Amino acid sequence: MRITGCVQGVGFRPLVYRLATELGLSGEVCNVGTGVEIRLAAEADAVAHFCRRLRADCPTHARIESLMVQPFSFAAAPAGFNVVNSQAVGQGAGFPPDLAMCPRCLAELTDPDDRRYGYPFINCTDCGPRYSIIKSLPYDRASTSMAGFPLCATCRHEYEDPANRRFHAEPVACAECGPRIWLQGAAGQVQEGATAALLAQCRLWLKQGRVLALKGIGGFQLACDAGSAVAIARLRQRKHRPAKPFAVMLRDLPAVEACFALNEAERKLLASPAAPILLLPKARLKQSLQGMVPEALAPGMACIGVMLACSPLHWLLLHEVGGPLVMTSGNAGGEPICTDNRQATLALANVADAFLLHNRPILHRCDDSVQVWLADRPRLIRRARGYAPSPIPLPDGWNGSVLALGADLKSSICLAGDGKAILSAHIGDLSSPACVDALLQECDRLPTLLGLAPQAVAVDLHPDYASSRLGARLAQMRGLPLVRVQHHHAHLVSCLVENGQPPDEPVLGIVLDGLGLGCDGGVWGGEFLLADYRRYRRLARLRPFPLLGNDKANRQPWRNLLAQLAQARQLSCRSALVATQPGLAWLMHAEADVLLNMADRFPLTSSAGRLFDAAAALLGVAPPELGFEGEAAMKLEALALGARANACYELGLSREGELWQLDAAPLWPAMVEALLAGQDKAVLAANFHLSLVRGLCHMVRRLRRQKGVTFTSVALSGGVMQNRLILEPLVGELDAMGLTVLTQSRVPGNDGGIALGQAAIALAQWQ
């Protein structure tokens, strides 16, 4: 029996052993490069029963993709049933992501009578590191970063005992034979000793307001006291992160429920083996904040990112500290998270006051995943630890293999072939040379690990993206065809793949994001595309407006407001706006007039992201210069969530050649008039969101009536579709029209999922 899927590192062989023994069957099981191979000396009826039981009793984290049965001849009749040494036959086996500590390991960790009491690397077949420690397949201890830790006699007995839940748990270890922790000061001084004493020192430092760099599962994290505004400000200043939210880690679910009112879905997500950062609304904070300073953690945001202790080491630290900790990526600003002790102590020397280190090597970088419960489904904002590298199925019958390099923001790569796509963990923004290096390393590691050589390389249409340049070099060096994919088509197709959409059934895609190069050389960002996997037809867009100052308009929201006011012929109101809102003084600067005079020299864009920037600037929630991508739109959403809309401004609908246009110009006179009349800004923010949703739906109705345009499904993608006040009402209204609405859950709708769309488009065209 040859079994493929996620069947290594999940307790599958132990299940096979127990099941075969229970049924009185003889034979053997082993890992192979393609999955698991089972050889049974049994009659056909017994084999069929065994197969049924195997599927029914499949371990929690395992997934059987295929199960093939064929005759086999033993050289000699087997005596009993055995787990035998793995064989490096073939490639392509699935393996699980890293798994948070299970309840049984937690019980042992906290039991003074257990031999692993207080051991920070406790694990079993149901939990512990997987992807972050794997070197090659088949997944055996010798093929992981645990190879350098020989098992002691007691651990060896557990590892070889079929009745033990650590039977063939590859990362198994104890304090006698496994990894250990130690402390290191910023100046390099080392402190060793008992785990309890080291963690007590960490608690002392954290309570003194210091910043601690902690080596986690898939990389380093930076921690400080979540109840100290001074410590949080210190971390912001050192990390050059003035406004971007920080996540907070709590020990367990009761600690979170003491702070937040949770629904059942949120409880399950927080306590899941993925242990993601979950975005929880500030509106559901209770009076008992358990030592958190919400505004310091997420200034101006609607949500706070919260996660549970994702490893035994984190749990022990949180238990010792007795309160929540800020837990953020352990990197210097804009660079990938550190994974190596020496690298971290050098790169973070000016950020951290001390380091909590261990000696288990991290082979694959994996940041914390970020998730939100939105529109009745969990939505991944960042796909990393706990989710990568779980495969995403591709349409049946597709041949070939493709390596896709994604975009430059929220970068990840995708390797697609053999019926599945593997999306890497989040890498970072490619403005950093270190992130480009990390991307290149992943382009080598992922195909090697999966044993899948790409036959083509796919990149974004924009030739100046770092990912596009790198992909072009790779294709040239390896003699592979290069496929350039339009940005918004890739967004849309990533949604189609996740939803299992048939290849030749066109859907209407509404893709709203920041910027992407269009096939006409224009700057797109608010698009209506009729598309399948291979091709697309642009039916409509948001009405374009000039990017005043080119790239500066992506960082300074007031420039987009200026462009919108000019297009709506509302420039005469600038002085009145500045009089009531000094923060809009930029609108009256000499630079503004220069920009307006040069407007026809700047590129036009249909960007939805820049439209949100303009509204955020008008309502005073956008800073003059953004601290991070999406900041203005997120603050606008946070403002609007606290109010109920009292008006819907009708957006214009017009035709420009073959394209329909949704015109935001009518928004601005209405919003300016209401603002100058003293209307609540939160209400105006809510009106803006509602008006855009109604405008999008109006366009969908118009396109349904267009001759030659047929669709029954609408796919929603792009970073703007992570906005609660856009996605939830839009899904509701489209559903009410009788349309099937496709949205994204397992793959980020932002640029973090775009590599999946690129790979699928290249494969579809290959067919």
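Remember, predicted model here, so these are calculated numbers, not experimental data.
Listed by chain and number, the residues in a side chain to side chain donor-acceptor pair (under 3.5 Å) with T328 are R241 (sequence neighbours excluded). For F246, the ring-ring contact (aromatic ring centres under 6.0 Å, His included) test picks out no residue, with sequence neighbours left out. Every residue two or more places apart in sequence or in another chain that forms a ring-ring contact (aromatic ring centres under 6.0 Å, His included) with H168 is listed here: Y159. Legend: residues meeting salt bridge (Lys or Arg N to Asp or Glu O under 4.0 Å) with R203, ordered by chain and number and at least two apart, are E320. By the ring-ring contact (aromatic ring centres under 6.0 Å, His included) test, F167 is found to be paired with Y17, residues two or more places apart in sequence or in another chain being considered. A search for ring-ring contact (aromatic ring centres under 6.0 Å, His included) contacts involving H319 returns W315, not counting sequence neighbours. Applying the salt bridge (Lys or Arg N to Asp or Glu O under 4.0 Å) test to R116 and every residue at least two apart in sequence or in another chain returns E158. Under the salt bridge (Lys or Arg N to Asp or Glu O under 4.0 Å) criterion, R238 pairs with D353, sequence neighbours left out. The salt bridge (Lys or Arg N to Asp or Glu O under 4.0 Å) test applied to D113 returns no partner, not counting sequence neighbours.
Residues I277 and R382 have side chains in contact (heavy-atom distance under 4.5 Å, counting atoms from C-beta outward). With contacts defined as side-chain heavy-atom distances shorter than 4.5 Å, the pair R166/C105 qualifies. You'll find the side chain of Y387 stays beyond 4.5 Å of the side chain of P97, heavy atoms only.
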For S411 and C435, run side-chain contact (heavy atoms from CB on, under 4.5 Å): C-alpha distance rounded to whole Å, both residues' side-chain angles, the deciding distance at 0.1 Å, then the answer.
CA-CA 9 Å; S411 176; C435 282; over 6 Å; no
Show me the side-chain donor-acceptor pairs of residues 211-224 shorter than 3.5 Å, one per line, residues at least two apart or across chains.
| unit_1 | atom_1 | unit_2 | atom_2 | d |
| --- | --- | --- | --- | --- |
| K215 | NZ | N341 | OD1 | 3.3 |
| K215 | NZ | H358 | O | 3.2 |
| K215 | NZ | R360 | O | 3.2 |
| Q221 | OE1 | H314 | NE2 | 2.5 |
| Q221 | NE2 | D368 | OD1 | 3.4 |
| Q221 | NE2 | D368 | OD2 | 3.0 |

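The side chain to side chain donor-acceptor pair (under 3.5 Å) analysis of residues 185-197, with sequence neighbours excluded, yields the pairs R180-E192. For the side chain to side chain donor-acceptor pair (under 3.5 Å) condition, the pairs that include at least one residue of residues 120-131, sequence neighbours left out, are R104-D126, Y131-E442.
More than 12 non-hydrogen atoms from other residues, nucleotides or ligands lie less than 6.0 angstrom from CD of E160.
Classification of E170 and R13 as a salt-bridged pair holds, one side-chain N sitting under 4.0 Å from a carboxylate O.
Checked by atom type and distance alone, the side chain of S412 pairs as donor or acceptor with a backbone atom of G752 at under 3.5 Å.
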